Amino acid sequence: MLMLTAALMTGVVPLADAAEQLKSGAYYVTQSWSQETAFKRPYYVSVPESADQQKFPVFIFFHGHGGNAKEAMNEFMRRYTTMAGRYVMVFPNGYKTGWNIMSEYSKADDLGFIEAIVKELSTYDNVQKDNFTVMGNSNGAALVNQLAIESKLPNLRNYVSAVSPLNVYQHDEKNFKAKGADNNYQVVAIPMTGKRLMNISGTTDELVPYRGGLSKHIPAKDGKLGFVDAEASIFLWAKQMGYDGEKLSKPSRIDGKLAIFSYLNGDVIHYKVIDEGHGASRAISEKILLEFLEGDEREK
């Protein structure tokens, strides 16, 4: 049984009486699953100050395994100050510091959690209901991949995965796969087209190998979790989004330590961060991220 409600920290607000203007604060989605009953899962919202009736795009960030929404919010808002003034910034909290992808402690329905957030926020007058971005780091990036594979919500426009390309369950060399309630990835999924995707991966990542293969540390049901080669992963996404050319054998361009593989005029793009490990996303500046989010990234 899955129950979904939204509420402010100060008390439950019936949806029919909710304010038309989204405000900063803590909100909740209530879910029940095998580990919890009527459990209030928090997400934290920061709305830019505006003197008029401006509508803002929405940026939702998923922390990595072992993290939490409040810490992620504090760090991200401090680093990306321009975005904080242009976007409704949203930080959901993973159950027991993680997202349910393969063999994590959490068995929660994270897809349902995030879709409930998107549906709720899209009802407010100061939100651009067709301009949502999801970005995640590591375990949170795996959730971004799951949403890109499975979600049918039209609101989601941009998907940004940091240091986690597709794993071998999400794509089995033939098809994209839905996670399923038991995390067995048995059902073929057809991701929505018309979406924009960015991946960031480091060449010396010891947790998620850049060239694919088994992680040394991340568990799966049959041992360690395997990953698709990062450049092959972005090519799979490009093909799904309509690219009919060959896989790029060399970068579209190089900018310092960034080797950039760009498909579909930058709508599907991979940043290969040379000599960086699992913290490779730090090499992506706010300017680069904003250019992608606002559709200004183009092949040169």
Side-chain angles (χ1 to χ4, degrees), residues 57 59 130-136 140-179 185 187-203 205 208-213 226-255 257-274 280-281 283-284 287-300:
F59 182 90
D130 59 349
N131 193 3
F132 279 66
T133 295
V134 288
M135 177 177 180
L143 178 57
V144 169
N145 290 334
Q146 185 193 356
L147 282 160
I149 292 168
E150 297 188 48
S151 181
K152 301 303 180 185
L153 291 183
N155 318 75
L156 296 171
R157 178 175 184 251
N158 304 310
Y159 298 80
V160 183
S161 58
V163 297
S164 187
L166 292 163
N167 67 47
V168 296
Y169 292 89
Q170 292 173 328
H171 197 286
D172 64 0
E173 297 186 348
K174 294 182 180 180
N175 298 294
F176 289 96
K177 293 292 189 68
K179 183 175 75 70
Y185 294 86
V187 177
V188 172
I190 308 297
M192 290 184 71
T193 56
K195 304 300 182 180
R196 307 177 68 252
L197 298 103
M198 172 194 282
N199 170 259
I200 307 147
S201 293
T203 60
D205 194 330
V208 179
Y210 184 84
R211 288 300 176 192
F227 289 88
V228 178
D229 173 277
E231 292 168 31
S233 177
I234 203 67
F235 176 61
L236 290 169
W237 279 119
K239 287 199 299 181
Q240 178 60 29
M241 295 305 142
Y243 177 74
D244 59 3
E246 298 295 321
K247 177 178 175 291
L248 294 175
S249 60
K250 61 181 182 180
S252 306
R253 64 184 186 278
I254 295 176
D255 181 6
K257 66 193 304 181
L258 301 176
I260 303 154
F261 295 76
S262 180
Y263 296 92
L264 298 172
N265 293 324
D267 283 345
V268 179
I269 193 164
H270 166 60
Y271 282 84
K272 176 181 183 179
V273 188
I274 308 299
S281 63
I284 303 301
K287 179 177 182 291
I288 289 174
L289 186 55
L290 276 170
E291 285 176 347
F292 174 73
L293 298 182
E294 296 173 0
D296 294 331
E297 175 59 43
R298 293 293 179 262
E299 290 195 54
K300 297 178 181 179

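Just so we're clear, the structure is a prediction, and the values are computed from it rather than from any experiment. The chain is numbered in sequence order, starting from 1.
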Do the ring centers of Phe235 and His171 come within less than 6.0 Å of each other? no
How close do Ser151 and Leu156 get, heavy atom to heavy atom, and via which atoms? OG-CD1, 3.8 Å
So, does Ser161 use its side chain to make a donor-acceptor pair with the main chain of Pro165 at under 3.5 Å? no
Check against side chain to side chain contact (heavy atoms under 4.5 Å, CB included), Gln240 and Thr193: CA-CA 7 Å; Gln240 178 60 29; Thr193 56; 4.0 Å; yes
Inter-residue atom distance Asn167.CG - Phe227.CZ, 0.5 Å rounding: 6.0 Å
With a 4.5 Å heavy-atom cut-off, do Met198 and Tyr271 have their side chains touching? yes
Is it the case that over 12 heavy atoms from other parts of the model lie below 6.0 angstrom from the NZ atom of Lys152? yes
Residues Trp237, Ile269; criterion side chain to side chain contact (heavy atoms under 4.5 Å, CB included); working and verdict: CA-CA 9 Å; Trp237 279 119; Ile269 193 164; over 6 Å; no
Quick one, Lys257 and Val273 - any side-chain contact, counting heavy atoms below 4.5 Å? yes
Let's go through Val160 and Val144 carefully: what are the C-alpha distance in whole Å and the side-chain angles of both, what is the deciding distance for side chain to side chain contact (heavy atoms under 4.5 Å, CB included) to 0.1 Å, and is it a yes or a no? CA-CA 7 Å; Val160 183; Val144 169; 5.9 Å; no
Considering all heavy atoms of both residues, which atom of Pro251 and which atom of Ala259 are nearest to each other, and what is their separation? CG-CB, 3.7 Å
Can you check whether Leu166's main-chain N or O pairs, donor with acceptor, with Asn199's side chain at less than 3.5 Å? no
Counting N and O atoms only, with roles assigned by atom type, does the side chain of Asp255 sit under 3.5 Å from a partner on the main chain of Leu258, one being a donor and the other an acceptor? no
Hey, could you give me the NZ/OH distance between Lys272 and Tyr210, rounded to the nearest 0.5 Å? 4.5 Å
Evaluate the ring planes of Tyr263 and Tyr243, with Trp represented by its six-membered ring, and classify them as parallel (under 30°), tilted (30 to 60°) or perpendicular (over 60°). perpendicular
Can you name the nearest heavy-atom pair linking Ile288 to Ile284, along with the distance? CG2-CG2, 3.7 Å
When you measure from the side chain of Ser233 to the backbone N and O of Val228, does any donor-acceptor pair fall under 3.5 Å? no
N/O donor-acceptor pair under 3.5 Å between Gln170 side chain and Ala142 backbone: yes
Nearest 0.5 Å, please: how far is NZ in Lys177 from CG in Asp172? 4.0 Å
Minimal heavy-atom distance between Met135 and Leu289, with the atoms involved, is SD-CD2, 4.1 Å
So Met241 and Leu197, do their side chains get closer than 4.5 Å, heavy atoms only? yes
Interatomic distance, CG@Leu293 vs CG@Asn131, rounded to 0.5 Å, equals 8.5 Å
Separation between CG (Asn265) and CZ (Arg196), nearest 0.5 Å, reads 10.5 Å
Sidechain-backbone polar pair: Glu150 side chain, Lys179 backbone, donor-acceptor under 3.5 Å: yes
Interatomic distance, CD1@Ile234 vs CD1@Ile200, rounded to 0.5 Å, equals 10.0 Å
Over all heavy atoms of both residues, which pair between Ala230 and His270 is shortest? Give the atoms and the distance, please. CB-CE1, 3.9 Å
